[in-house]
Structure formats: C-alpha cells, structure tokens
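Convention: sequence-line order gives letters A, B, ...; per-chain numbering from 1.
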Amino acid sequence: MSESLIAITMPKWGLAMKEGAILQWLKNEGDEVKKGETLVEIETDKVVNEMESPEDGKLLKKCIETDIRVPVGSLIAVYGNESISDEEIEKFISEFNENFVVEDDEAAGEANKYEKIMLGDIEINFSNIGEEKEKNILFIHGFGGDLNNWMFNQEELSKDYNTFAIDLPGHGQSSKNVTDGSLKNMAKIINDFCSKNNISKINLVGHSYGAGIAIQAACDFKDLIESLTLISPIGLGKEIDDSYLEDFITSESRRDLKPVLEKLYANSEIITRDMVNEVLSYKRIDGVENSLKIMKDQISKSNTQHNELKDQLNALEIPVSIIWGKNDNIIPSNHTEKLNEKISIQIIENCGHMAHTEYASKVNEIIKSTN
Amino acid sequence: MSVKSYRDAINEALLQEMKKDENVVVMGEDVAGGAGTNGEQDAWGGVLGVTKGLLGHYGRERVIDTPITETAILGMASGAALTGLRPVAELMFVDFMGVCFDQILNQTAKFRYMFGGKAVTPVTIRTMYGGGLRAASQHSQCLYPMFTHVPGIKVVVPSCAYDAKGLLIQSIRDDDPVIYMEHKNLYDVTQEVPDESYTIPFGEANFTREGKDITFIGMGQTVGICNKVADKLKSEGKSATVLDLRTLSPLDEDSVLEAAEETGKVVIVDESYPRCNMATDLSALICQESFSSLKAPIKMVTPPHTPVPFSPPLEDLYLPSEEKVYNAAKEIL
C-alpha cells in the first residue's frame, strides 16, 4: 500500500451518529486542499454541516456519490501528494474497503455509550472518549443545551485528550430535579463529578452559562482546574438578551421555538425542523420547564445579568482563553473589554453565540493551545 | 433513553401516570385477566399483552377486569371521569364500538357542552384498529373517521414508540375524552424512547422526512409506509416530505398546508374506508386553502370501499402498500 495516500473518512459527529451522506462536494478531483478548508457538506440524522479537510493534500479521488448514506468511518475520498497511478489508487480503495468494519454498537461496548453516575440524588449523564489519554478535558454546555452540543469538538479532541462531556442537571439525560441553579452549586457538581471519576486535574471548556460555571469552578476548586476555555461566557458584563431565555422556556410549538433558536447563530438557516423538534422533545419531559426556570433565575432579570465574575477571572493564575462570536445576539462580545492581558481573546467574525459549532475547528485549535 | 417497542412505550406511559396520579385507573376486558377466579392472575394483560404487569403494581382496585360488555365499560369510565377519576378504558377492538357508541357519541362527547362547561370528562379510550392480522372484517377495520366526525372527542393515532408514550401521557392528562388508537401492526416497532415522562401536545403534526419534490401525508401505520417510499425515491434522486398527523382531531391544519405548499404534489395515505375519510377531508382542506400551490391532482391511496377481506391474498391486495404509494407518487412526479 502506498504510504503517500491518505484515506479521508466519514466523520463521527456525536455518539448517536451512525451514518452520513454527502450533500455536496466543495472541492473537485485534482484540487490541492489545505487542512481546515471546507471539503464537503455532510448530512446526518440531526444536522447538515461542512466538513473541513483533516489534512493537506491533493484530492485524487472521490469515493462516494452524493446523497448516499454510508456508515461512519467509510472511505469518502483519497488524498495523495504526488502523481500516483490510478491502479494504485484503486488498490488502496479496495484494500481499505476489504478491511473496513462498520462500527457495531455492541462490539464498541462501553467506549461508545453514554454513562451515568449518581451525585447525591442527581443522576448525571456523560460521555467519555479517549480514556487512554493523559490530559483531561471536560465540556460544559450552556442553558438549554446538552452534551451533544460538543459533537464537532469532543470526538476531534479525543485524539489528544481524555474528554468528558456532561449533561448538566435539568438537561439532556441527566435528572430533571434542579432545586439550585446557582453557579456555586453547579461548580460543586463539576467538582463532585471529577472526584467520583478520580480526576485530579482537568481543563474546562464551557459555553455561556456553562462557561460561568467553569469560571466559578476554577475559583472554588483551584487545585482541580488547569485551564479555562470560555465560549460566550456569562458573568463578564451586565447585558444579556433576556427574551431568549424567557422564550426558550415558554415556546411550546415549532413555530414559536424556531425564531428563538435562530438567535443563537449568525447564519440562522442552519436551524432545521429536526433541531427544533429535538429541543421541543427535551422541553416536554416532566421537570424540565421548572428546572429551566430555576436556572434562569440565577442568570438574569430584565436584561441584566446577576453574576459578576470579571474580577475573579482576572485574578486566576491558570491559562484562560475566551472565544466570542462577533455577531452574538445573546451576550455581546464587547464583554471582553477590561480583562487581564494574560487572557487570550478571540473574536470570530460572522459567528453567533455558538462558536463551537459554527467555527468548530477554530475553537478546537484554541482549546488545544490553551492547555 | 433506551430502545423500546410501541407496546412497551404504552405500558410505561400507563405505569408512570398511575404512579404520578392515583386517580388514573385502567379498565377493560382482561386488562389483567383472571379476576374472580382461582386461576393465574395477570394472565393476559390485554389481548396483546399491552397492560401486562400493571396489576402487580396497582392491584385490582385500579386495574379492573370488566365483564364482556363494551356498553358498561364505556359507561363506567365516563361516569367515573365525571366524578374526578382519570380512567383509561380499553375497547379491545375498535370494531366493537357499535355496541357502545351511544356512550361515546351522546354521553362522553357531550358532557362538557351540555353542562355549560362545568363538567369535564378526562377519559381515555384505548383501542386497537387496522388490518394485516388476518382477523377478518369485524376485527380489522380502521374506523377513526367515525370519531373525527364527532365534536367533543379528541382522536389520537400514534405512528411510533416515541409518539405512543408522549401522546398517551398527554391523553391521560387531558380533561376531554380522547380516543387513543393503536394499530395492531405497530406493537413491535422499536425506537429510542426517553425513560422519563413527557408529553406531546395535540394538534401538532410531525415532519418525518423533508424533501422538495413530493409530499406524503400519513397517520398511524401508514406513516411507516410513507417513510419507506420516501427513502426509496431518495435513492432514485427524488426527495419527499412526509407528514405524520399524530392527532386527527384536533388537526394540525397549518402543517398540512405547509407540507402541501412545499412541493405542490401530494399523496395522502389512509387505511380507512374511502368515503368521508381523512384523505378526502385533507384533500378538501388543501384544495380550499392552497389550490394555487398544487402542481398535480392530489392522490389518495386508500382501500376500496369494501369490508376488510379475510383471505390473506385479498387482504394484502386491499391494504395500502408501499407499492401502491410508490405507484401513486410516480404518476404525479
């Protein structure tokens, strides 16, 4: 097999993804492709998103047609960096396909499943990928989100880190019995989660409300937290679009919820009916509405945030990166003013409140450079 | 979240609602089985085992085996609902509605109206419907249009395990009479279903496929047929929208029109008799409200206007099938 050929495979975005289809090729055979450039547009059961090229190379051959669903890990393209005969490419493809085994849930076993642990009377659902790696990362989603928000980040970072993503109480598949939504309490849950998993050092990546929890955790548990990557965090300024939180809680139909979710992204076309349905299904579980109200009360009132974490953040001695979409409609990116100059700040153009999904590879690079 | 069958999803909804609210009681023929005998208790759990296990949790007081009289079951359930209970009554086969229709049509459906809104009747009537089990013409009918015709009753037709659980919990919590219809062929279909209790509001149809070229509208069992045909068309380069009505009364008219307008070509798949059924009703709605968006005549795939045949080859020929839906689609694509 030629050493100079590179297999490009169907990515795995989130634990639930089993198949994907290519909607559109954004490069042609013969094109030189740089790592990070968009290569194809891929559709899964849940999302449509652009896949970025994982390597530099020349796109020698596209291996599947558009609109055909193939299992995760299937060969979708072959790169090479020199002129290689068609025969060699064909041989490479047939060898790959002969050896390719569709990932079987049962066979993949525990490594591929959500796990649950009890912290007091709260059950926490989480996923853990990359167990054999040394450095730990924990992803904390925002208000109304869940661990699947990190589908473009966790899998990718698990190549270098032991990654954990949790569903906060009241979210995803964790218990829906939130009685205290304060950052202090949530930070304690993060600490308990780490103790229970025998983690002594961890890097936190938090989004929005989850980023506020991360800051609080870094202040309260200094020995545990090694670094912070904060995406559109709460707690660094007064302003917040309260109506987003209110409407997220009260919207009961697709029609009402869709415009609310559209506020999250710079490009609102990304919101599909499936995404809206998924959020609605979550909101319709007993206990969710009440839990969300309790957490909302800890975040803001009348477009004013309750938490002021700037001074505490400035006083921290660990590496901190902040990532903010320039077009964030929920919390304005100018909250990065007056921060300690040791803190690295990245403002991303044409990006909304969800930088980790809107500009996933950029965010992944920043997370790596923070640790 | 775990994989559950439609049957298990219904069972879990009943268990959870009985736990949450002691006013929820289940009644019907052999819903447990063995009442008043020395023989095995909970031998049946309903004729297809859907209510099995409830007896062990909640006892004879709340899981009530009734005599074989649908009139009495429905009368008892409606009366109990008026006094404040939330009964879930089982009408084993919807075909048996003939003997208890007065209870539904003139009593249960009318209480709220006749008592000036001061009485509520939170009764859920679970019933099996549909063909395919070789059960002949008195045990295979698809009779939901007879209920959608009556104001005052809500009509629910879940197509999958997730909807089965959420819609049943919603039915039990609803203050009006609900006919909750389970297609016999769906009991073993499986899906990821949350372990927690959750609801799906009535009058919210669900898009199960999104496409540009043609729209299928299905309900209950026919949704699965529509999905399969949509997937087949996709492999041929045509994309289809599939709308699952979920509830027939109330009807999500907005989604029906939205789905029709998206493609301008509509195939409605309905297992009920073709005169005055859901297909004709939806077709009229679309023609009245979205006529200018149509690019082809609306196609209706329904059985012929005959009783459901007992002969297996004839029954297969009678029911809407993937082949019939595919052919109907091809005529207008």
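Taken from CG in A:D67 to OG in B:S239, the straight-line distance is 8.5 Å, to the nearest 0.5 Å. Atom OG of B:S2 and atom CD of A:Q173 lie 9.0 Å apart (nearest 0.5 Å). Taking CD1 of A:I285 as the reference point, atom CE of B:M1 lies at 7.0 Å (rounded to 0.5 Å). For the atom pair CD of B:Q16 and CG of A:D286, the computed distance is 8.0 Å after rounding to the nearest 0.5 Å. A distance of 13.0 Å separates CD1 in B:I169 from CZ in A:R284, rounded to the nearest 0.5 Å. Interatomic distance, B:F207 CZ to A:D274 CG, rounded to the nearest 0.5 Å: 11.0 Å.
A salt bridge links A:R255 and B:E258; the closest N-O separation between the charged side-chain nitrogens and carboxylate oxygens is under 4.0 Å. Electrostatic pairing of A:R273 and B:E204 does not count as a salt bridge here, judged by no charged N lying under 4.0 Å from a carboxylate O.
For A:E289, no part sits under 4.5 Å from any heavy atom of chain B, backbone or side chain. Using a 4.5 Å cut-off between heavy atoms, A:R69 does not touch chain B at all. Using a 4.5 Å cut-off between heavy atoms, A:K283 does not touch chain B at all. Heavy atoms closer than 4.5 Å to chain B are found in the backbone of A:E252, but not in its side chain. In this structure, chain B has heavy atoms under 4.5 Å from both the backbone and the side chain of A:S281. Only the side chain of A:L280 comes within contact range of chain B, judged by heavy atoms closer than 4.5 Å. Looking at B:D195, neither its backbone nor its side chain comes within 4.5 Å of chain A, counting heavy atoms on both sides. Only the side chain of B:S255 comes within contact range of chain A, judged by heavy atoms closer than 4.5 Å. Proximity to chain A is absent for every atom of B:R209, based on heavy atoms less than 4.5 angstrom apart.
Legend: residues meeting ring-ring contact (aromatic ring centres under 6.0 Å, His included) with B:Y162, ordered by chain and number and at least two apart, are B:Y198.
In this structure, B:E323 places its CD atom where only 12 or fewer heavy-atom neighbours from other residues, nucleotides or ligands lie under 6.0 Å away. Within a 6.0 Å radius of CD in A:E50, other residues, nucleotides and ligands contribute more than 12 heavy atoms. Within a 6.0 Å sphere centred on NZ of A:K116, other residues, nucleotides and ligands contribute more than 12 heavy atoms.
Of all the listed residues (B:E192, B:K20, B:E210, B:Q170), the one sharing the greatest number of non-hydrogen pairs under 4.5 Å with chain A is B:E210.
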